[in-house]
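If you read the sequence from its start, that first residue is 1, and numbering goes on from there. Quick note: numbers below take in every heavy atom, side chains included, and nothing from hydrogens, waters or symmetry partners.
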Amino acid sequence: AKLKCFSIIKKKFMNYYILVISIFSVLIDQVSKGLINSYLGHPGFLRLTKYLSLETTYNDGAAWNILSGNQIFLITISLIILVIVYSMMYQLKKTKVTNFAFGILIGGIFGNLIDRIFQGSVTDFIRIDLPFYNFPIFNIADICIVIGVFILIIESIRKDIKNDSRSRKH
């Protein structure tokens, strides 16, 4: 009975951890977008280093401005992805790393979703210009999504490698 109680508490805490990380990610994203809009305006540009600038843009599409102008479709896709991510939370082993990844991923999706719903476009402002490539302008939510997905891919690969090595031992 004590183990079952501990298991329930741990599960609730892990879900709470995901929720806190998600809310924190959304707050950082939305505050950063608000600050950029307030201080830089649109159009706005501020070079920070040779390779890093802040440039206010509004993207009414997805990555690289694909599907531009299809807000209802992009909102629907975001909601479907949130459902998929939520179901994935119960397929991967719960660790602090996977919970962190799910938290920032969900927060990133919500950060951009808030923009789409209330502004009709996503505020992007981080610009990286390398000598060999100019990245599309992005925001904190995009960073959260990319890092969250990357961590989950790594954790899934680690799980598969671990399971493969166990099956070979038997």
Side-chain angles (χ1 to χ4, degrees), residues 14-89 92 95-157:
M14 291 301 190
N15 288 338
Y16 176 75
Y17 180 75
I18 292 170
L19 178 64
V20 168
I21 296 295
S22 295
I23 291 170
F24 187 71
S25 299
V26 170
L27 286 175
I28 290 174
D29 175 66
Q30 292 297 302
V31 167
S32 67
K33 290 171 180 173
L35 289 171
I36 287 296
N37 284 320
S38 294
Y39 292 107
L40 214 52
H42 185 267
F45 181 82
L46 175 64
R47 178 156 308 281
L48 301 175
T49 69
K50 183 176 180 180
Y51 303 111
L52 178 64
S53 305
L54 300 177
E55 181 177 351
T56 312
T57 63
Y58 300 105
N59 182 356
D60 68 348
W64 293 277
N65 214 20
I66 59 172
L67 299 171
S68 181
N70 291 295
Q71 291 306 307
I72 300 297
F73 178 72
L74 292 169
I75 289 168
T76 304
I77 292 297
S78 296
L79 293 172
I80 291 168
I81 290 171
L82 282 169
V83 170
I84 292 168
V85 168
Y86 184 77
S87 69
M88 284 177 57
M89 286 173 31
L92 276 177
T95 66
K96 284 187 178 182
V97 172
T98 58
N99 287 332
F100 175 78
F102 281 118
I104 62 172
L105 176 58
I106 291 167
I109 294 168
F110 268 113
N112 284 339
L113 187 59
I114 289 168
D115 284 9
R116 285 190 201 292
I117 291 170
F118 294 104
Q119 292 177 188
S121 62
V122 174
T123 301
D124 290 328
F125 59 91
I126 302 169
R127 179 177 173 162
I128 297 177
D129 296 313
L130 299 176
F132 54 88
Y133 185 71
N134 294 336
F135 287 90
I137 301 172
F138 57 96
N139 59 43
I140 303 297
D142 297 334
I143 294 169
C144 290
I145 292 167
V146 169
I147 292 172
V149 167
F150 181 75
I151 292 171
L152 291 173
I153 288 170
I154 297 298
E155 288 299 302
S156 294
I157 291 169

Does a sphere of radius 6.0 Å around CZ in F138 hold more than 12 heavy atoms from other residues, nucleotides or ligands, not counting ones at 6.0 Å or beyond? yes

Separation between OG1 (T123) and CD1 (I137), nearest 0.5 Å, reads 12.0 Å

Would you say I126 and I140 make side-chain contact, with heavy atoms under 4.5 Å? yes

Pairwise side-chain contact, L35 with V31, heavy-atom cut-off 4.5 Å (strictly under): yes

Only counting residues at least two apart or in another chain, list the ones meeting salt bridge (Lys or Arg N to Asp or Glu O under 4.0 Å) with R127. E55, D129

Does D115 have any side chain to side chain donor-acceptor pair (under 3.5 Å) partners at least two apart in sequence or in another chain, and if so, which? Q30, K33

Are Y17 and F100 close enough that some pair of their side-chain heavy atoms sits under 4.5 Å apart? yes

So, taking the atom named CD1 in I151 and the one named CZ in F102, what distance separates them when rounded to the nearest 0.5 Å? 11.0 Å

Are any of the side-chain heavy atoms of N139 and N59 separated by less than 4.5 Å? no

N99 vs I21 side-chain heavy atoms within contact, under 4.5 Å: no

Quick one: are N37 and Y58 in side-chain contact, heavy atoms under 4.5 Å? yes

Pairs of donor and acceptor atoms involving the side chains of residues 73-81, under 3.5 Å and at least two apart or interchain, shall be tabulated with distances.
from : atom 1 : to  : atom 2 : distance (Å)
T76  : OG1    : I72 : O      : 2.8
S78  : OG     : L74 : O      : 2.9

Greater than 12 external heavy atoms within 6.0 Å of F24's CZ: no

Minimum heavy-atom distance between R47 and Y51, given as atom pair plus value: NH1-N, 4.5 Å

Inter-residue atom distance L105.CG - I147.CD1, 0.5 Å rounding: 11.0 Å

Are S25 and F110 close enough that some pair of their side-chain heavy atoms sits under 4.5 Å apart? no

Restricting to non-hydrogen atoms, name the atom on G111 and the atom on V26 that form the minimum distance, rounded to 0.1 Å. N-CG2, 4.1 Å

Here's a test for you: under side chain to side chain contact (heavy atoms under 4.5 Å, CB included), which of L52, T56, L40 qualifies with L46? L40

For the CG atom of L152 and the OG1 atom of T98, what is their distance to the nearest 0.5 Å? 7.0 Å

Could you walk me through whether L19 and N15 satisfy the side-chain contact (heavy atoms from CB on, under 4.5 Å) test, starting with their C-alpha distance in whole Å, then the side-chain angles of each, then the deciding distance to 0.1 Å, before giving a yes or no? CA-CA 6 Å; L19 178 64; N15 288 338; over 6 Å; no

Do other residues, nucleotides or ligands put more than 12 heavy atoms under 6.0 Å from F118 CZ? no

Approximate separation, where rounding is to 0.5 Å, of D29 CG and D142 CG: 8.0 Å

Do L113 and L82 come within less than 4.5 Å of each other through their side chains, counting heavy atoms only? yes

Closest non-hydrogen atom pair, G108 against C144: CA-CB, 4.0 Å

